[in-house]
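This report concerns only the one structure given below.
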Amino acid sequence: MRLSPDEIVLWQWGRLSLNATIAYTWAVMALLTAGSWLATRNLAAGARASRWQSALEIVTAWLSAEIRAISREDPGPFLPFIGTLFLFIAAANVLDVVPGYVAPTGSLSTTAALALCVFAAVPAYAVRRQGLVGYLRQYVTPTVFMLPFNVVGELARTLALAVRLYGNAMSGTNIAAILLGIAPFFFPVLMQVLGLLTGVIQAYIFAVLAMVYIASALQARQDGAGPAKGE
């Protein structure tokens, strides 16, 4: 049983190889790029807006509302990063209904890369808001003995993000294969519908968790600085 699209080699020349993970990751990125260009090439207001533009505006407004609800802040600075995560994961998962396509999110290397992006984004946003010293201070608050626990917590959180998305994508693919083997005439349609739903849910959960981690990093320093201001 195939456990990862990394095992599917599409092209190889000596030590150089192109597996399904790399190929379909670039395919999803190309599709999203083309879709963004189509949606924004002729921007218009009101009834003159194209369907592509209207669909993108709906997604953007929904993501902005979610970010605002989580962070209690202007979603503008966070929308490009969180929106990219959501759209990439959702597109990568939903396209799994296309025959011959293999979702790159079924590879631990892809999910680990996405988790590392979140791992880098959390301190990047926090340092931009608080400064380097202000961000690092929260690792030794309320005592320096908390430093190793806070560091381990950051690493464990990143690992959990990667494994959660990978496990959901891999288990969904394997369950679908088992059900198709049992009843190939009934389950295909059902599994395609469920695949669309779970793919979007996985993308939503990943994006929400990323925003929660960023918001908590920003809020941690604000809460810690509150009493000092009052003094």
Side-chain angles (χ1 to χ4, degrees), residues 28 32 56-94 103-142 146-172 196-227:
V28 172
L32 290 176
L56 186 60
E57 288 177 351
I58 291 173
V59 174
T60 301
W62 172 66
L63 286 174
S64 297
E66 293 292 323
I67 293 172
R68 189 184 301 276
I70 295 171
S71 65
R72 307 290 182 180
E73 297 187 23
D74 175 27
F78 314 107
L79 182 61
F81 178 67
I82 300 300
T84 299
L85 285 177
F86 173 78
L87 290 176
F88 175 80
I89 298 173
N93 290 340
V94 168
T105 48
S107 167
L108 186 58
S109 60
T110 300
T111 59
L114 293 171
L116 287 175
C117 290
V118 177
F119 180 76
V122 170
Y125 279 107
V127 169
R128 182 180 179 182
R129 170 74 61 83
Q130 308 159 5
L132 181 59
V133 176
Y135 171 71
L136 294 179
R137 187 179 293 126
Q138 66 182 343
Y139 284 92
V140 293
T141 301
M146 292 299 297
L147 176 61
F149 299 100
N150 288 329
V151 172
V152 171
E154 292 284 343
L155 297 175
R157 189 170 62 184
T158 303
L159 178 62
L161 268 180
V163 173
R164 179 186 290 109
L165 181 58
Y166 166 71
N168 289 337
M170 183 189 68
S171 61
L196 291 172
L197 178 61
T198 58
V200 174
I201 292 175
Q202 290 172 23
Y204 172 76
I205 292 174
F206 193 97
V208 165
L209 288 176
M211 190 62 238
V212 168
Y213 297 156
I214 293 173
S216 63
L218 297 177
Q219 191 64 33
R221 177 57 185 159
Q222 293 174 0
D223 292 343

Anything under 3.5 Å between a donor and an acceptor, one on a side chain of residues 108-116, the other on a protein residue two or more places apart or in another chain? List them.
unit_1, atom_1, unit_2, atom_2, d
S109, OG, S107, OG, 2.6
T110, OG1, P104, O, 3.0
T111, OG1, L108, O, 3.1
T111, OG1, A162, O, 3.1

Next on the checklist: Which residues pass the side-chain hydrogen bond (donor to acceptor under 3.5 Å, both in side chains) test with S71, not counting sequence neighbours?
Outcome noted: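 Result, side-chain hydrogen bond (donor to acceptor under 3.5 Å, both in side chains) vs S71: none returned.
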Checklist outcome for this item: R68 meets the side-chain hydrogen bond (donor to acceptor under 3.5 Å, both in side chains) criterion, sequence neighbours left out, with none
Show the atom names and distances, to 0.1 Å, of all donor-acceptor pairs under 3.5 Å that link a side chain in residues 58-65 to residues at least two apart or in another chain.
unit_1, atom_1, unit_2, atom_2, d
T60, OG1, L56, O, 2.8
S64, OG, T60, O, 2.8

Checklist entry - Between V118 and T158, does a side-chain contact (heavy atoms from CB on, under 4.5 Å) hold up when you go through it step by step? => result CA-CA 8 Å; V118 177; T158 303; over 6 Å; no
Roughly how far, to the nearest 0.5 Å, is [atom2] of [Y] from [atom1] of [X]?
X    : Y    : atom1 : atom2 : value
I70  : M211 : CD1   : CE    : 6.5 Å
N93  : T105 : CG    : OG1   : 3.5 Å
I201 : I89  : CD1   : CD1   : 13.5 Å
L79  : I82  : CG    : CD1   : 9.0 Å

Checklist entry - Considering residues at least two apart in sequence or located in another chain, which fulfil the ring-ring contact (aromatic ring centres under 6.0 Å, His included) criterion with F206? => result none
Next on the checklist: Taking ring-ring contact (aromatic ring centres under 6.0 Å, His included) as the definition, give me every residue that meets it alongside Y125, ordered by chain and number, with sequence neighbours left out.
Outcome noted: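 Scan of Y125 (ring-ring contact (aromatic ring centres under 6.0 Å, His included), adjacent residues dropped) gives F78.
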Next on the checklist: In the structure I gave you, are the side-chain heavy atoms of F86 and V208 within less than 4.5 Å of one another anywhere?
Outcome noted: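 A side-chain contact is absent here, since even the closest heavy-atom pair is not under 4.5 Å.
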Checklist outcome for this item: Contacts satisfying salt bridge (charged side-chain N to carboxylate O under 4.0 Å, His left out) that involve residues 104-117 (not counting sequence neighbours) are none
Item to check | V163: partners by side-chain contact (heavy atoms from CB on, under 4.5 Å), with sequence neighbours left out | outcome: L159
Next on the checklist: How close do L85 and A210 get, counting heavy atoms only, and between which atoms?
Outcome noted: CD1-CB, 3.9 Å
Next on the checklist: If you compare all heavy atoms of L218 against all heavy atoms of E73, which two are closest, and at what distance to 0.1 Å?
Outcome noted: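 Shortest heavy-atom separation between L218 and E73 comes out as CD1-OE2, 4.1 Å.
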Next on the checklist: According to side chain to side chain donor-acceptor pair (under 3.5 Å), does anything in residues 203-212 pair up with another residue at least two apart or in another chain? List the pairs.
Outcome noted: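 For residues 203-212: E66-Y204.
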Item to check | salt bridge (charged side-chain N to carboxylate O under 4.0 Å, His left out) partners for E154, two or more places apart | outcome: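 E154: salt bridge (charged side-chain N to carboxylate O under 4.0 Å, His left out) contacts with R157.
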